[in-house]
Amino acid sequence: QVQLVESGGGLVQAGGSLRLSCAASGRTFSNYAMGWFRQAPGKEREFVAAISFSGISTYYKDSVKGRFTISRDNAKNTVYLQMNSLTPEDTARYYCAVRRSAAPTPFSAQYDYWGQGTQVTVSS
């Protein structure tokens, strides 16, 4: 079993930045791929970014490429999402997820553990 706790969300003006963190506990963390997803009110959950267990491979939703950066620190069992140049369209609840595989994927159904999420609100 893996427990995930997200933090770092909040209210920010358009153009601003936030850094989300997701701390994992429980089973061995370093063999798992990690992902960030988000869900806005009235919309389905969507993929944002994912990272391999080594941290070498990363994947991003097209609309966040060049603005968001996913990274991880396996020694701290933590994955991060640095979000820059935020826009109101980034407003959502952000969730981190763990996949019991080293390879990341953009498909939420392929992730095994989920956090409770952290709210990000971007004002115009």
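Values reported hereafter were calculated over all heavy atoms of this structure, with side chains retained and with hydrogens, waters and symmetry mates removed. The residues of the chain are indexed from 1 along the displayed sequence.
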| query | Which ILVMFWY residues are connected to Tyr80, directly or by a chain of links, through side-chain heavy atoms under 4.5 Å apart? | reply | none

| task | For Arg93, check side chain to side chain contact (heavy atoms under 4.5 Å, CB included) against everything at least two apart and list the hits. | result | Tyr95, Gln119

| said: Could you report the tightest heavy-atom contact between Ala102 and Ala33, atom names first, then the distance? | reply: O-CB, 3.7 Å

All N/O donor-acceptor pairs, side-chain side in residues 6-19, below 3.5 Å, sequence neighbours left out:
| from | atom 1 | to | atom 2 | distance (Å) |
| --- | --- | --- | --- | --- |
| Glu6 | OE1 | Gln116 | N | 3.1 |
| Glu6 | OE1 | Gly117 | N | 2.8 |
| Glu6 | OE2 | Cys96 | N | 2.9 |
| Glu6 | OE2 | Gly117 | N | 3.2 |
| Ser17 | OG | Asn84 | OD1 | 2.9 |

| query | Taking only residues two or more places apart in sequence or in another chain, which ones pass side chain to side chain contact (heavy atoms under 4.5 Å, CB included) with Ala103? | reply | Arg99, Ser101

| field | Cluster link Val64 to Ile51, ILVMFWY, side chain under 4.5 Å | value | yes

| Is there a side-chain contact between Phe68 and Leu86, using heavy atoms and a 4.5 Å cut-off? | yes

| task | Would you check if Leu20 and Gln82 make a side-chain contact, meaning some heavy-atom pair closer than 4.5 Å? | result | no

| query | Sequence neighbours excluded, which residues qualify as side chain to side chain donor-acceptor pair (under 3.5 Å) partners of Thr58? | reply | none

| field | Distance in Å, Leu81 CG paired with Tyr60 OH, rounded so as to fall on 0.5 Å steps | value | 7.5 Å

| message | Applying ring pair (Phe, Tyr, Trp, His ring centres under 6.0 Å) as the test, list every pair that has at least one member in residues 102-122; sequence neighbours left out. | response | Phe37-Tyr111, Phe37-Trp114

| field | Considering all heavy atoms, the nearest Pro104-Ser57 contact | value | CG-O, 4.4 Å

| Residue pairs fulfilling salt bridge (Lys or Arg N to Asp or Glu O under 4.0 Å) with at least one residue in residues 108-124, sequence neighbours excluded | Arg100-Asp112

| message | Let me confirm one number: the CG-CE distance from Asn77 to Met34, rounded to the nearest 0.5 Å. | response | 9.0 Å

| task | Could you walk me through whether Val120 and Thr91 pass the side-chain contact (heavy atoms from CB on, under 4.5 Å) test, one step at a time? | result | CA-CA 5 Å; Val120 171; Thr91 294; 5.8 Å; no

| request: Mind checking ring-ring contact (aromatic ring centres under 6.0 Å, His included) for Tyr59 and listing every partner two or more places apart, or none if nothing turns up? | output: none

| request: Only pairs at least two apart or in different chains count here, so list each side-chain hydrogen bond (donor to acceptor under 3.5 Å, both in side chains) that has a residue in residues 33-44. | output: Arg38-Glu46, Arg38-Asp90, Arg38-Tyr94

| remark: For Ser52, the side chain to side chain donor-acceptor pair (under 3.5 Å) test, sequence neighbours excluded, returns Ser54

| message | Let me confirm one number: the SG-CD1 distance from Cys22 to Ile70, rounded to the nearest 0.5 Å. | response | 9.5 Å

